[in-house]
There are 2 protein chains.
Amino acid sequence: MAKPANPLRLDSMLCFAVYAASHAFTRFYKPRLDALGLTYPQYLAFLVLWEQDGLTVKALGDKLFLDSGTITPLIKRLEARALVRRQRDVEDERLVRIFLTDEGRALREQALAIPLQVGEALGGDVEAGAVMRQGLKQLRERLDAALE
Amino acid sequence: MAKPANPLRLDSMLCFAVYAASHAFTRFYKPRLDALGLTYPQYLAFLVLWEQDGLTVKALGDKLFLDSGTITPLIKRLEARALVRRQRDVEDERLVRIFLTDEGRALREQALAIPLQVGEALGGDVEAGAVMRQGLKQLRERLDAALE
DNA sequence: CACAACTAAATTGTGTGCAATTGAAAAATG
DNA sequence: CATTTTTCAATTGCACACAATTTAGTTGTG
């Protein structure tokens, strides 16, 4: 009498809820980031670089969970627009360090408005957001730990 | 005396937690889906098609929150491998309907193992997963509602 | 019926993501 | 200290995502 309870139902999948929410964030950010001339991954890179200048490609990738195949071309596009500068480390010539230019640093002022708009869109429940963020972090850690 | 409390700190961002968790899911699924010869977005498409055959490109896109620019080439790759069949609707020739082939339908058996592995990796707390899924759905709806 | 407005799918162009490989440089090893 | 191993950044190839446009077909309007 009970219904078959499809174990492959899209709407029951946590993975899809995460996937769809991630795209929704990208869509939400799009018009805001267009004003800064940045894509969402580029914005993430700036979040890191505004906190700490002179990181290597590797270090930036570790923070964003991206590899050099993604970081290198992304940073090169920012360099072409003079928002960052790339420089080989003289101590260890394998390393390329990424520095903000004055223009890149100046972008931060305009970016400050964005988190406020996110908070507004989400109804301003900071506590619920923090709980969800923590849950997602644990989720990520468990998935990465189970990669064999 | 209090520290400045950077409002642009990466680790405080809900958007990044979602973004990173989404990629972690893709990484987790990769070896499992390689066994079926599917990418993660292709797997999502099959989740929908296994539930309901003969959907249009538009209807599939609505369920996955993707547009024809993503769906069309994805489905064409599946068609090239004879996992699905595309067919113009005779009533309305603007529509292209997507049907599973026997091979495409047969893939479902192998896919059944995957949700079990996810459950295992996440410690089997089904209740917590459902709560997070619901929270992410609400998050997505609020972000989409705030797109102006 | 004519014609404007709309809708669906496909196409084009740009920017990720990531696996796999390459080449250079540094570290580890015997 | 010479050779192997490891590490880092870059490159290549493939598959998304999505904005913007195009083409074709349908609907709405006078």
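Please read these numbers as outputs of a predicted model, since none were measured by experiment. Only heavy atoms go into these numbers, but all of them, side chains included; no hydrogens, no water, no symmetry mates. Labels below follow one simple rule: chain letters A, B, ... track the order of the sequence lines, proteins then strands, and each chain is numbered from 1.
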Using atom [atom1] of [X] as one end and atom [atom2] of [N] as the other, report the distance to the nearest whole Å.
X       : N      : atom1 : atom2 : result
B/Leu95 : D/dG25 : CG    : C1'   : 9 Å
B/His23 : D/dA15 : NE2   : P     : 18 Å
B/Arg77 : D/dG13 : CZ    : P     : 17 Å
B/Arg88 : D/dT23 : CZ    : C1'   : 10 Å
A/Asp89 : D/dT7  : CG    : C1'   : 14 Å
A/Tyr19 : D/dA15 : OH    : C1'   : 11 Å
A/Tyr29 : D/dA17 : OH    : P     : 19 Å

*Can you find a donor-acceptor pair, distance only, under 3.5 Å between A/Arg94 side chain and D/dT7 base?*
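Indeed, a donor on one side and an acceptor on the other fall under 3.5 Å apart.
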*Residue-phosphate contact under 4.0 Å: B/Lys76 side-chain N/O, D/dA15 OP1/OP2*: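 Negative; the distance criterion is not met.
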*Counting just side-chain N and O atoms, does A/Arg86 come under 4.0 Å of either OP1 or OP2 of D/dA10?*
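It does, given that an N or O in the side chain of A/Arg86 lies less than 4.0 Å from OP1 or OP2 of D/dA10.
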*What residues in residues 38-48 of chain A put a non-hydrogen atom under 4.0 Å from any atom of DNA chain C?*
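Hits under 4.0 Å, by residue number: A/Thr39, A/Pro41, A/Gln42.
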*Which of residues 58-65 of chain A have a heavy atom under 4.0 Å from DNA chain C?*
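Those residues are A/Phe65.
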*Taking every non-hydrogen atom, the tightest pair across B/Ala45 and B/Leu74*: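 Minimum heavy-atom separation between B/Ala45 and B/Leu74: CB-CD2, 4.1 Å.
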_Nucleotide range of DNA chain C lying under 4.0 Å from chain B heavy atoms_ =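 With heavy atoms of chain B under 4.0 Å away, the range is C/dT7 to C/dA19.
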Tabulated below should be each protein N or O lying under 3.5 Å from an N or O of nucleotides 19-21 of chain D; please produce it.
none

*Are B/Phe25 and B/Arg27 close enough that some pair of their side-chain heavy atoms sits under 4.5 Å apart?*
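They are not in side-chain contact.
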*Pairwise side-chain contact, A/Leu100 with A/Phe46, heavy-atom cut-off 4.5 Å (strictly under)*: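 Result yes, sub-4.5 Å side-chain heavy-atom pair found.
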Pairs of donor and acceptor atoms involving the side chains of residues 115-125 of chain B, under 3.5 Å and at least two apart or interchain, shall be tabulated with distances.
unit_1	atom_1	unit_2	atom_2	d
B/Gln117	OE1	B/Arg32	NE	2.6
B/Asp125	OD1	B/Glu127	N	3.3
B/Asp125	OD1	B/Ala128	N	3.1

*Tell me, please, which residues at least two apart from A/Asp11 pass salt bridge (charged side-chain N to carboxylate O under 4.0 Å, His left out).*
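None.
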_Sole residue of B/Val48, B/Ile75, B/Thr56 in side chain to side chain contact (heavy atoms under 4.5 Å, CB included) with B/Ile98_ =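 Only one of B/Val48, B/Ile75, B/Thr56 forms a side chain to side chain contact (heavy atoms under 4.5 Å, CB included) with B/Ile98, namely B/Ile75.
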